[in-house]
Amino acid sequence: MSILVDDQTRVVVQGITGRDGAFHAQQMAQYGTKVVAGVTPGKGGQSMADIPIYNFVQEAVDQEGANTSVIYVPHSFADDAICEAAEAGCQLIVCITEGIPTLEMVRVMQYLSAGQARLIGPNCPGIITPGKAKVGIMPGQIVKAGRVGVVSRSGTLTYEVVYQLTLAGIGQSTCIGLGGDPIIGTRFVDTLELFEADPETDVVVLIGEIGGTDEEEAAEYISQHVTKPVVAFIAGLTAPPGKRMGHAGAIISGGSGTAREKIAALEAAGIPVAAKPEDIVGLVKEAIK
Amino acid sequence: MSILVDDQTRVVVQGITGRDGAFHAQQMAQYGTKVVAGVTPGKGGQSMADIPIYNFVQEAVDQEGANTSVIYVPHSFADDAICEAAEAGCQLIVCITEGIPTLEMVRVMQYLSAGQARLIGPNCPGIITPGKAKVGIMPGQIVKAGRVGVVSRSGTLTYEVVYQLTLAGIGQSTCIGLGGDPIIGTRFVDTLELFEADPETDVVVLIGEIGGTDEEEAAEYISQHVTKPVVAFIAGLTAPPGKRMGHAGAIISGGSGTAREKIAALEAAGIPVAAKPEDIVGLVKEAIK
Amino acid sequence: MKVHEYQAKDIFAKYGIPVPQGRVAQSPGVARELAAGIGCPVMVKAQVHVGGRGKAGGIKMAKTLGEAEKLAGKILGMRIKGLQVRKVLIYRALEIKSEAYMGIVVDRHSQVPMVMVSAAGGVDIEEVARETPEKIHRLAVDPLFGLLPFQARELTFSIYEDPGIAAQAAKILMQLYRAFWECDASLMEINPLIVSDQNKLWALDAKFNVDDNALYRQPKIAEMRDLQAEIPEELMARGKGLSYVKLDGTVGCVVNGAGLAMGTMDLIKQRGGEPANFLDIGGSSSPEKVTAAMHILLRDTNVKVILFNIFGGITRCDDVANGLVTALGEMGKVDLPIVIRLTGTASREGREILKKANLLAVDSMAEVVEKAVQMAKV
Amino acid sequence: MKVHEYQAKDIFAKYGIPVPQGRVAQSPGVARELAAGIGCPVMVKAQVHVGGRGKAGGIKMAKTLGEAEKLAGKILGMRIKGLQVRKVLIYRALEIKSEAYMGIVVDRHSQVPMVMVSAAGGVDIEEVARETPEKIHRLAVDPLFGLLPFQARELTFSIYEDPGIAAQAAKILMQLYRAFWECDASLMEINPLIVSDQNKLWALDAKFNVDDNALYRQPKIAEMRDLQAEIPEELMARGKGLSYVKLDGTVGCVVNGAGLAMGTMDLIKQRGGEPANFLDIGGSSSPEKVTAAMHILLRDTNVKVILFNIFGGITRCDDVANGLVTALGEMGKVDLPIVIRLTGTASREGREILKKANLLAVDSMAEVVEKAVQMAKV
């Protein structure tokens, strides 16, 4: 089973003729993901590494059975790409593109609310279900199939944690990077619901960072709805208040959003919080016991 | 029973301190309608002819149990008034105001689509259920309680028809003026559905005019869903194509919307169409038999 | 309200839609000067608010300056469907490889803006719509999001094979939608949208009707109204808040409400008469409106009788009666017979007022129309 | 990006929000001239990108021209929370009857703009939010419709008793929302919004942060960036597409990804070290970015060791290695020790490159942090 992506996933790559799109389309295909089509308006009819290119996502859905889109187009076109994928009937849309204006994402979320599509990202590394499918930019060689779900707002920090799990012999069911922007399509609580329902996930690792209140909401949600063990890590204890730390989302605003508050909320909900990334392995081992 | 308004109707008058609002609030109350509140922002706490005035429709709903709004505010405030009434929980909103920009109404219809409120108008004379309630500006003295439903896109032409029915001793269940603008909240098919379901209506009189295709859609709807007899009249046989005839809605556009086409569509659906207003009485009498 | 082609093109240009550079001339001499500035060949195009200008000879190409002057002289002063041409637009003639159509209207059925494109532009698009509707690609736009770029592309890729041209067209369509929405248009059209010999798109014609109800918030567009291009009586009527359309008959009508006015006209015709006009004095009618209505009708020398058909609602019959009496007082002697029908709100008071002025009102519409038709025949 | 109060007020004024007329001075003499033009009493207000200016003595009232000049001299050059004051805003002092608060932010939870108003403005609004949250009235705005007039009225009628003032405030709130949306703001605030002795509302202070991601489509606002008001290293970093925040420690960090960068800083602290900075070289890192990162870190004289923590994903480890080798080549001798961790995409190739340049990379984050902390202690 796993969640969101597996061997039923048929990927269309939006922006397949761009630098990142072309590289990662091949990386995904090499990992074994079914990359069935690419889209670049005006280049329909061409192909790239045996992947057929279309002008529109709708064509990729109709003619190649694509059900998942991954987006690498430049930031000023990304909002339109998301809407197009949703309109074409993609169930899952993974937007790797960073730099989309926040108010544009506000509009996109309204657009998506009328339909069935789930968005991951933007500004995220994507999703990987080890041995089955990789949708996005996560390095495939660091994961290992197993029964730990990993969800994170960060990119490389997720790799770090996943890599350490893999080195310790602990495999993952699905690893998801949600993205670090203020407005993202899928949040911790959404993925917790999916992991809870997934028979192939035993433990969930939640990797948060400063800014917003998604971790606090996750803590609340876990204490009410999640029966599986969850372990957490929060980055940003040393971040000075009010300073922007790369991600637009990582701003400590007002009285909430600090790492300390998030850790307190999680611990109050009975969730063990690792002091440093390498401690996660130990907490997961304990949880599995 | 009747439709839309009856003795359960509790009216809030938006724009009650304006010239038209003040006059018609009293006219409605004199007719016996339960006019429970008026709204004019900034005049909350005052009253007008014993009707309490509030700043907001929400207050009229919460404190006076208003369930129907009638709007007389100037055209540049009318879109906001409609949205406010919907948000406050009014089930029925009757907008008398004319001159609202079409694209503003396009937005308003989108706003209403998310909720439960029904809009009649704008630029309409309103609704009257003889002997029970009058919401709008129709002259109360020309109607008579009975079992004929009347629905029209026109104002005074409706009065004409209703008056002739009354003179002939034929009473009405409910008379509705839908308004002549291109974008209106309630159309023929909506009211036909209501009249069909109303045990107190035996016959429906439909009064159309040139422009749009509402009459054609009504003909189609009647032939499929309406078991009660319907008789019709269409104004505008002498209107030259392309000329604006007062109502923004009364423009003959492209290949459709002429009186001749509408009459043909209705007759094809087996609906008798009166050649002149005074013939309606005869057709109704025949239908009742 | 309609604006002229040259005005619509100015608006389009502001939105980045490519239009051939051009200017308006009101005399053959100026037309020649403009042509000299632009460089021949140029188009000389009548600026009037009717369709079918080409068929009527109002659109010509001039290869030389002399020809430009001559053609402008011919077109200026021409009458097209009853309207006099007072302005010609001069712009550089372009080589045309293909002609497409783009248009946006508010669709009454779906209650949202409807975008239409067709590869079969240039000719009578209404005929295309009737004969081969599948050649017109339509999209109902969600007004809360506007036309999205991928939607615009889907439309334009369906009418152009060349992706570069389709992409240009998508941008134009996006801008046309923006202009439509921001300018409160009721109709915007580019017909034809041409591909030039350099594979560039141009809006060769531009049509733009504005929603009259929105003019209050579009002051710049309201200023574009060309008073000379309108029928004086219709202009007077609008100035007084009346809605008037001149027709060719002999029975002048003053009615409150558009539906009742049309019903009255239809009945006049049925009874063997011919209505001289449509005139709706609207709701909340003041005495001044009635006076103005009388003045307008009396300018029409065809009118043999004036018919009032008033059903009081928001309009009060006493207001109308007062207006009529005042108008008659102001005008001195009115030679035409006046027949009046008053019913509804304050009709008793209205009749009292008329009675004092020795005017009689009847109660039924059939009766008043019958009377008027008979009097018009005398 | 933050803009200064005076810039925010210029934008507010364009949207019809009443702000006291004022101008900016960069010297006491100009401040005096401006005060003379405006008329005393005037306010003299430090223009720096931090809160708490009043408490720091950066906001003063001057009753005379001499006082204005003297106060401007005192405030200009003052340091507030580490930032030097280079500009003062001079505007007419107003009588204040009451102080309210208006603000708009994008709410991450509901994912729409959130409008907030409070009658308890002027003081520390964050304290009000913490202590008496019921005094702040909130509304999550449907972004597809924007703030509707009745909603604006509902908010302002809840904080003002006088309907006239509440109606004025509703108009201001509507315009503030329009400005927020059209200018791609991430935060807009009026605090305090005052009622003057003439019962007129004024935005006495103005705060406006712009979404950095939207600067590409807000060129006029992007131009407002005050380069002098920023930390030079942060400015350099942004110019190269890096994200850098200076801190006070000794371990300089170069990391790819904000989360990993923060995780690295946290770990440095846990192991007894102090991070000198946050530095995210981002995804798709080119060698040029790495070079720029090195240059920036070497400007900080506190730095005793440079730590690279790179987990390749979209970033390729060979790109980073090349960048580092190039940077070292360009810079000549670098005295500081460099510790490197490379894992993930193209890490083998990256290590090869480093090896040839006699640089060694470790595989684990714990190991590289441990090393760096020890070296910094030497």
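Quick note on labels: first sequence line is chain A, next is B, and so on, each numbered from 1.
- For D:Arg271, the part sitting under 4.5 Å from any heavy atom of chain A is the side chain, from C-beta outward, and nothing else.
- Top candidate by heavy-atom pairs under 4.5 Å with chain A, chosen from D:Thr264, D:Val112, D:Thr343, is D:Thr343.
- At distances below 3.5 Å, at least one donor-acceptor pair connects side-chain atoms of A:Thr156 with backbone N or O atoms of D:Asn256.
- The number of heavy atoms from other shown groups lying within 6.0 Å of CD (A:Glu98) does not exceed 12.
- Looking at D:Phe180, both its backbone and its side chain come within 4.5 Å of chain A, counting heavy atoms on both sides.
- Residue with the most contacts toward chain A among D:Pro275, D:Pro143, D:Gly263: D:Pro143 (heavy-atom pairs, distance under 4.5 Å).
- For the atom pair CG (D:Asn213) and CE (A:Met105), the distance works out to 11.0 Å, reported to the nearest 0.5 Å.
- The number of heavy atoms from other shown groups lying within 6.0 Å of CZ (D:Phe145) is above 12.
- Looking at D:Arg217 and A:Glu104, a side-chain N of the basic residue comes within less than 4.0 Å of a carboxylate O on the acidic one, giving a salt bridge.
- How far OG1 of A:Thr238 is from CE of D:Met265: 4.0 Å, rounded to the nearest 0.5 Å.
- D:Met262 is not listed as a side-chain neighbour of A:Leu157, based on a closest heavy-atom distance of 4.5 Å or more.
- Separating the CD atom in D:Glu367 from the CD atom in A:Glu278 is a distance of 11.0 Å, to the nearest 0.5 Å.
- D:Asp211 places no side-chain N or O within 3.5 Å of a backbone atom of A:Pro101 that could act as its donor or acceptor partner.
- Note that CZ of A:Arg107 is 6.5 Å distant from CH2 of D:Trp181, once rounded to the nearest 0.5 Å.
- When the heavy atoms of residues 158-165 of chain A are compared with those of chain D, the residues falling under 4.5 Å are A:Tyr159, A:Glu160, A:Tyr163, listed by number.
- Residue contact with chain A, scored on non-hydrogen atoms closer than 4.5 Å, is absent for D:Ala261.
- A donor-acceptor pair is defined here as one N or O able to donate and one able to accept, closer than 3.5 Å; such a pair exists between the side chain of D:Gln111 and the backbone of A:Ile184.
- Around atom NZ of A:Lys276, more than 12 heavy atoms belonging to other residues, nucleotides or ligands sit under 6.0 Å away.
- Between the OG1 atom of D:Thr345 and the CE atom of A:Met138 there is a distance of 12.0 Å, given to the nearest 0.5 Å.
- Annotation: side chain of A:Val106 is in contact with side chain of D:Val106 (closest heavy-atom distance under 4.5 Å).
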